[in-house]
Participant: 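Mind looking over this structure? Questions follow.
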Amino acid sequence: MKITILTIFPEMFAGVFTESILKRAQGQGSVEINFVNFRDFSLNKHHRVDDYSFGGGPGLILAVEPIYLALKSIPAYDTAFKILMTPQGTPYSQKIANDFSKKDHIIIICGHYEGFDDRILNFVDMEVSIGDYVLTGGEIGAMVIVDSVTRLLPGVLSSDESFEQDSFYNGLLEFPQYTRPQEFMGMKVPDVLLSGNHAEIEKWRKEESLKRTKERRPDLLKKRSEND
Ligand code: 6GU
């Protein structure tokens, strides 16, 4: 899969993309990540990409032209799936991550400043938000998308790391897990996990998953029954 990120701050991504699983996924060719700095496409002599909002208001907003020109510079940009990061977008979820992971090429546009010229929406397929809070820009959201999508690509996670048991993958939170020691400061690992009875363990884990989801995220249970 190819991911192209449009940003005026490509250095923000160093570290996140050069360690651990994202590093390995790129090294083995499961994902190819490229950056386009749309400041390079500003026609302004000071390379500005922002300007005042018509009608007034505080702060600067992103102009449409540099984004459009940057998009057009990407090979086969018209067939790629184009995502704009914005707090006004569709709330990101595991389901959306699963959908994105099936695409050949996604382009993620990171806004900054107080917003963007609304005409940018004519050149994107989807607006995505990563939650109901405000960030300084879309870059951290783009990292969230790249991370959550890359781990779903074939061959990225080993069988020990597999995502089929993830929280959210089956619409439930994960069951509790324990490792050695069997007893720590008087707190014991549940007996059933030490029993060696796989059917009993499976049953206990399913019950605990449900119990935890009911207590902490009843909204997930509701969503799950709506999807059935
Ligand atoms: Cl994608 N961008 C910004 N600036 N703030 C956000 C967001 C994105 N998602 C949630 N808050």
Side-chain angles (χ1 to χ4, degrees), residues 1-18 21-22 31 33-42 47-71 74 77 80-103 105-153 166-168 173 216-217 219-220 223:
M1 170 182 219
K2 270 192 188 160
I3 303 178
T4 308
I5 300 173
L6 261 69
T7 173
I8 51 172
F9 299 112
E11 292 82 12
M12 280 181 73
F13 294 82
V16 173
F17 290 180
T18 54
I21 294 172
L22 290 186
V31 66
I33 304 172
N34 293 297
F35 294 94
V36 174
N37 187 335
F38 56 86
R39 194 179 288 290
D40 298 341
F41 293 85
S42 168
H47 301 289
R48 278 181 63 173
V49 293
D50 54 344
D51 214 330
Y52 297 101
S53 186
F54 281 128
L60 297 166
I61 63 165
L62 275 184
V64 60
E65 187 174 62
I67 302 272
Y68 171 70
L69 294 173
L71 275 175
I74 300 166
Y77 91 101
F81 192 80
K82 294 171 277 295
I83 301 157
L84 178 68
M85 301 309 301
T86 157
Q88 279 98 53
T90 305
Y92 194 56
S93 63
Q94 188 62 49
K95 182 178 179 308
I96 298 175
N98 296 344
D99 291 346
F100 287 173
S101 73
K102 292 173 190 128
K103 307 209 179 275
H105 183 189
I106 62 176
I107 298 175
I108 308 176
I109 304 166
C110 305
H112 228 87
Y113 312 113
E114 297 297 315
F116 49 84
D117 186 313
D118 225 62
R119 291 170 290 189
I120 289 174
L121 298 184
N122 294 301
F123 306 106
V124 304
D125 298 298
M126 186 171 181
E127 296 170 75
V128 171
S129 159
I130 61 160
D132 291 339
Y133 39 79
V134 180
L135 301 168
T136 57
E139 284 78 9
I140 294 173
M143 293 176 207
V144 167
I145 291 186
V146 172
D147 186 283
S148 55
V149 167
T150 299
R151 64 191 291 287
L152 298 173
L153 298 175
D166 286 347
S167 280
F168 303 114
L173 298 183
R216 300 183 187 181
R217 294 294 306 277
D219 57 305
L220 291 180
K223 253 189 232 162

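First listed ligand is number 1; within each ligand, the first listed atom is number 1. Predicted, not measured: the structure shown is a model, and the values here were computed from it.
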Participant: Is there a donor-acceptor contact under 3.5 Å from the side chain of Arg39 to the main chain of His47?
Facilitator: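 Side chain of Arg39 to backbone of His47: a pair is present.
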Participant: In terms of residue, atom name and distance, what is the protein heavy atom nearest to atom 10 (C) of ligand 1?
Facilitator: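 Ranking protein heavy atoms by distance from atom 10 (C) of ligand 1, first comes Gly131 O, 3.0 Å.
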Participant: Under 3.5 Å, N or O to N or O, is Leu135 touching ligand 1 that way?
Facilitator: yes
Participant: Under 4.0 angstrom from ligand 1, any heavy atom of Val128?
Facilitator: yes
Participant: Is the shortest side-chain heavy-atom distance between Tyr77 and Thr4 below 4.5 Å?
Facilitator: no
Participant: Taking the side chain as every heavy atom from C-beta outward, state whether Ile74 and Asn34 have any pair of such atoms under 4.5 Å apart.
Facilitator: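 In short, these two side chains do not touch, never coming nearer than 4.5 Å.
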Participant: Any idea which atoms of ligand 1 are less than 4.0 Å away from a heavy-atom of Met85?
Facilitator: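 So the atoms of ligand 1 that pass are 1 (Cl).
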Participant: What atoms of ligand 1 come closer than 4.0 angstrom to any heavy atom of Gly137?
Facilitator: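 Heavy-atom distances to Gly137 below 4.0 Å select 2 (N), 3 (C), 4 (N).
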Participant: Could an N or O of ligand 1 be found under 3.5 Å from any N or O of Ile130, whether backbone or side chain?
Facilitator: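 Among all N and O atoms of Ile130, at least one is under 3.5 Å from an N or O of ligand 1.
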Participant: Find out whether Leu84 and Phe116 are in side-chain contact, i.e. whether some heavy atom of one side chain is under 4.5 Å from a heavy atom of the other.
Facilitator: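 A side-chain contact exists here, since the closest heavy-atom pair is under 4.5 Å.
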Participant: Under 4.0 angstrom from ligand 1, any heavy atom of Pro87?
Facilitator: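 Yes; Pro87 lies near enough to ligand 1 that a heavy-atom distance drops under 4.0 Å.
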Participant: May I ask you to identify the nearest protein heavy atom to atom 11 (N) of ligand 1, giving residue, atom name and distance to one decimal place in Å?
Facilitator: Tyr133 O, 2.6 Å
Participant: What part of Thr86, side chain, backbone, both or neither, has a heavy atom within less than 4.0 angstrom of ligand 1?
Facilitator: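 Under 4.0 Å from ligand 1, Thr86 contributes backbone atoms alone.
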Participant: Write down the atom of Ser129, the atom of Gly89, and the distance for their closest heavy-atom approach.
Facilitator: CB-O, 3.7 Å
Participant: Scan for side chain to side chain donor-acceptor pair (under 3.5 Å) pairs involving residues 55-65, sequence neighbours excluded, and state none if there are none.
Facilitator: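 For residues 55-65: none.
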Participant: Please confirm whether the backbone N or O of Ala14 pairs with a side-chain atom of Thr18, one donor and one acceptor, at under 3.5 Å?
Facilitator: no
